[in-house]
Amino acid sequence: MTVMYVMIFVSFTIAVFFLFAFIWAVKSGQFKDRTTPAIRVLFDDIKEDSSDMEEVNARN
Amino acid sequence: VLAEQTILTKCYHCGDDITDLISFDKYSFCCYACKNVYEILKTNKLTDFYQYNQYAGRKVNSDYKMDYSYLSSEDVLKKLLVFKNEKQAHLYIKLPAIHCSSCIWLLENLKRLNTGIIATEVNFSEKKLFLIYQPSITNLAEVAELLEKIGYKPVFEEISENEKIEKNKSLNDLYLRLAVAGFAFGNIMLMTFPDYIDSGFKNSEFFKFFPFLCLLLSIPVLLYSAMPYFKSAFYSLKELKINIDLPISMGIIALFLQSLFDIFLYSKFGYLDSFSAFVFFLLIGRIFQEKSYEHLSFEKNFKSFFPLSVQRKVIEKYEDVLLESLEKGDVIKVRNNEIIPADSVCLDENINVDYSFVTGESELQVLVAGENVFAGGKLLGKSAHFLIQRAFNKSHLVKIWNNATEKKGNRSITYADQLSFYFTVLVTIIAFIAFLDNISSGLDEAVNRFLAVIIVACPCAIALTSPFTFGTVMAILARIRVFIKNTDVLENLSRVDALVFDKTGTLSDKKRNDVEEKLFENINKEELALVLNESIHPLSQSILKILPNAKGSLLSFTEIAGKGIDSLTADHSYLIGSADFLGIEDLGFSVYIQVNGKLKAAYKIKEKFRNNLMNVFSNLSKDYKLYLLSGDKKREKSEVYNFFPDHGNIYFEQNPKAKYNLIKQIKSKSITAMFGDGINDSAALNEADVGIAVVDDFYQFSPSADVIIEACELSRFNKILAFIKSSKSTIVSSFIISILYNILGIYFAYTGQLEPVVCAIIMPISSVSVILFTVLKTKYHALRWGLL
């Protein structure tokens, strides 16, 4: 049963780790803007030859 | 491709219907401004802008260009930049036009349009752009011009420790407290659970240290997460007022004490799971209530009404100086559409000033040289010079403002607070009876029962009722652009029985006029339009709106400011102006047109009232006392009488002070809500139980208020009020439900059956069911009033 003590300790440590991760996230301002980052990830990189691409799209 | 053909009549950039087609690069545009934006984006390979959203652009208002030269002044820059060295300058710019993901994409690629820009980051909910640029390559005026050119007119605000940062902080603080409570709650529950389902657990070796581990976890909950409740309860006791936080704190402390006894004296687990769950639920309620509208601010600083800088005359030249540095004796230049920043003397003849925002008087004032002007008037027409009489901070307007923003009295007592008084007294009495009743079976047992009653009677459900009801109401109203400052305001609104309306700008639409035309003889309207086109007077502009496009050729044009127009076209001579100017009998019109010496037409410019107001008024008058205040002079045939069939309760010639006094008088008899829009209403708005600012768009200046609503929502304000009032019945029925839970709980506690497991079941069930009930009932009411 001693393994239980180890497991409890490990799970507890992990939980504390996540608590502190959350506290760090709040303090570093990650909750300041909750809309823009969600939209930003959806943008593609700018294609340098975007005009050619447009024509290809139009033909399709 | 097919879709594109069917919608050819819409502008590719802004999506407006096209009247004058401009074709460019196989797309159609409604105006050159839109086409230009497309061209800029195209040359910089930013046409993806149109891929993320159709019609992503906003129409650029091209007839009125801002002059950003003041942004090169070092003094102004100091007020705007948050950081600066030789290589970089950082600042935040407010861009009210941000509205879609394309905006974010374009603005974050802004560096492609100006090589001096190092980086940009958009905050969508606050509609702000964080900009880093290289001062050696570009300057702020250039960036501002670029932003305006592509349709994002910038608004520069002085950096200050504004209340929004504070708001954010308090919400962050709640998140942290919630995280600690949630962390403890989850872990304690895991460790307590074996005890509930396995009676043999008591003999296991884990039982020796689990309770202590739980205790360790719950200490931060007591000392950190629950602290706001203790503080509030303490302050309320100090002021000898009972609020809802007092019974909550009693419950929290009783739970913790009882758990301590259980763990140390009886080697049991105690109620630590219920304890942490309780704090966790309460904090969720708080967060729900603290919802904030990042892009709005309810507390306005009068400075945001004024420009940052003004043009001061320094030896035959004008230079941009900060508003604060104006002194008595300075001469300044004010241009068309700018605000006169300080009390001063007019130096030019016949200057048109619109004072409606300051005094509520809707007619233009004509100033002659030497006349005194007060700060806050808006100059219309040609630019003019003023001699400053008083520094900006000492002006009349600032005084009005400072009077208005003196703190309102104590915060109102909420339903939950009222109830909690009786609740606390009753629970304490029952707890003492339980104590005395059981003293015969030993002090231990008596204390146990005493604490058990307080624990179970803890008003978790009551405490959650108001936040969730009002939180839902606020969220629903925010969707239809009615923004409420906080939940206290909603409680006040649900009690209101008198409504006071300001006329100019609130009931009437300042931007639109009704023009009444009277033709005495045939007139060539195209030619008239040609003449009026030259005039800068607002009345001419209003008339032009109902005239066809101009045609003909103009030979001469003279505008005698404040009087009228004398003009010559190829065929006719025109004399346009007031009856006085033409030397004819006044027939009650504002503008008369004389062609070749003969009176041909006359125009009357009337205020345009907002849509559907008549209906709303007749509906509201059934349940509320209505008042109307106007800054205008009393006139026999004013349209405002249409709103009040009995001609009662209309007050004319109301200046800010009179409005304030009147509100005070009405307030002594009834709970009052005041609707207003300008600085002239600010004192009255502040004095009323609920101040409601009516705005045409959310980025124009509005006075401090408890509620900010979009003007078009006035047309169904009776429904909005009915919806808000319905929340009262939701709260009352929810209180009844939670009191039933409490009676059940107190029965268990009184008879000594309150095992931790009973507590752990009753508490979450009562809380969750109350939350569900309030949210669903509120949504039902919103549907009923057609607001969802």
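Lettering of chains follows the sequences in order, A, B, ..., and the numbering in each one begins at 1.
The contact between B:Asn123 and chain A is made by backbone and side chain atoms together, counting heavy-atom distances below 4.5 Å. Looking at B:Tyr175, both its backbone and its side chain come within 4.5 Å of chain A, counting heavy atoms on both sides. Only the side chain of B:Leu217 comes within contact range of chain A, judged by heavy atoms closer than 4.5 Å.
Put simply, the side chain of B:Ile263 reaches to within 4.5 Å of the side chain of B:Phe212, judged on heavy atoms. Proximity of B:Ile132 to B:Thr120: side-chain heavy atoms (C-beta onward) are nowhere separated by under 4.5 Å.
Listed in order of number, the residues of residues 14-23 of chain A that approach chain B to under 4.5 Å between heavy atoms are A:Ala15, A:Val16, A:Leu19, A:Phe22, A:Ile23.
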(message) One pair to check against side chain to side chain contact (heavy atoms under 4.5 Å, CB included): B:Cys34 and B:Cys11. What are the steps and the verdict?
(response) CA-CA 8 Å; B:Cys34 285; B:Cys11 174; 3.8 Å; yes
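Less than 6.0 angstrom separates the ring centroid of B:Tyr52 from the ring centroid of A:Phe43. Between B:Tyr55 and B:His13, the gap from one ring centroid to the other reaches at least 6.0 Å.
Closest approach of B:Leu216 and B:Pro220 over heavy atoms only: O-CD, 3.2 Å.
Under the 3.5 Å distance criterion, with hydrogens and angles disregarded, no donor-acceptor pair is assigned to the side chains of B:Asp195 and B:Thr192.
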